[in-house]
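The structure under discussion appears below in the form of structure tokens.
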Amino acid sequence: MSETINWADFEKVMLVAGTVVRAEVFPEAKRPAYLIWVDFGPHGERKTSAQVTGVYRPEDLVGRQIVGVINFPEKQIGPVRSQFLLTGFHTDEGVVITTVERPVPNGTRMA
């Protein structure tokens, strides 16, 4: 069981919607991954590395609206600086990306 957090802890996490504008294979990654660029509206365009190759092809991702955490510090992944965390759920087939049920403006924060 995980530790209980309070509302103030949750409010610190910037979970926001953004639209994937570009995705490509990340050949330098230790495990199969893609480089993914997302437009987070007023928060700008950011990139990350994501191990979602078991479920998606790069062209499947472009245009999808996803949920990302944008206030973690940047993380060096091989030659790339990851600028946000792409959220998702582990399944037997691979990670399924968290998406929104209907379009919202890019940069909208999860309530």
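Everything numeric here is computed off the predicted structure, so don't read it as measured data.
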Applying the 4.5 Å side-chain criterion to the ILVMFWY set and letting contacts propagate, would [X] and [Y] be lumped into a single cluster?
X     : Y     : result
Leu86 : Leu35 : no
Ile66 : Trp37 : no
Val20 : Phe26 : no

*Mind checking salt bridge (charged side-chain N to carboxylate O under 4.0 Å, His left out) for Arg22 and listing every partner two or more places apart, or none if nothing turns up?*
Glu24
_Can you list everything that forms a ring pair (Phe, Tyr, Trp, His ring centres under 6.0 Å) with Phe40? Sequence neighbours excluded, please._
Phe84
Can you find a pair of side-chain heavy atoms, one from [X] and one from [Y], that are under 4.5 Å apart?
X     : Y      : result
Val69 : Val13  : yes
Val96 : Tyr56  : yes
Val62 : Val21  : no
Gln65 : Pro103 : yes

If I compare all heavy atoms of [X] with all of [Y], which pair ends up nearest, and what's the gap?
X     : Y     : answer
Ile36 : Ala50 : CD1-CB, 3.8 Å
Ala23 : Pro58 : O-CB, 3.4 Å
Pro32 : Thr53 : CB-OG1, 3.4 Å

_So does Lys47 get a backbone contact from the side chain of Gln83, meaning a donor-acceptor N/O pair under 3.5 Å?_
yes
*Checking Asn106 side chain against Thr19 main chain: does a donor-acceptor pair fall under 3.5 Å?*
yes
*Could you work out the complete set of other residues in the hydrophobic cluster of Phe89, with links drawn between I, L, V, M, F, W and Y side chains under 4.5 Å apart?*
none
_Rounded to the nearest 0.5 Å, what separates atom NE2 in His90 from atom CD in Gln51?_
8.5 Å
*If you measure from NZ on Lys30 to OG on Ser49, what distance do you get to the nearest 0.5 Å?*
11.5 Å
*asked:* Under the rule for side-chain contact (heavy atoms from CB on, under 4.5 Å), what residues qualify as partners of Val67, not counting sequence neighbours?
replied: Leu15, Thr87, Thr98, Val100, Met110
*With Thr4 via side-chain contact (heavy atoms from CB on, under 4.5 Å) - residues at least two apart*: none
*Please test Val38 against Arg46 for side-chain contact (heavy atoms from CB on, under 4.5 Å), starting from the C-alpha separation and ending with a verdict.*
CA-CA 5 Å; Val38 174; Arg46 299 178 186 215; 5.8 Å; no
*Stepwise side chain to side chain donor-acceptor pair (under 3.5 Å) check, Thr48 with Ser82*: CA-CA 4 Å; Thr48 194; Ser82 179; 2.7 Å; yes
Identify each donor-acceptor pair in which a side-chain atom of residues 70-80 lies under 3.5 Å from a protein atom, sequence neighbours left out, and give them as a table.
| residue | atom | partner | partner atom | Å |
| --- | --- | --- | --- | --- |
| Asn71 | OD1 | Met14 | N | 3.0 |
| Asn71 | ND2 | Lys12 | O | 2.4 |
| Glu74 | OE1 | Arg81 | NE | 3.4 |
| Gln76 | OE1 | Arg81 | NH1 | 3.2 |
| Gln76 | NE2 | Gly78 | O | 2.8 |
| Gln76 | NE2 | Val80 | O | 3.4 |

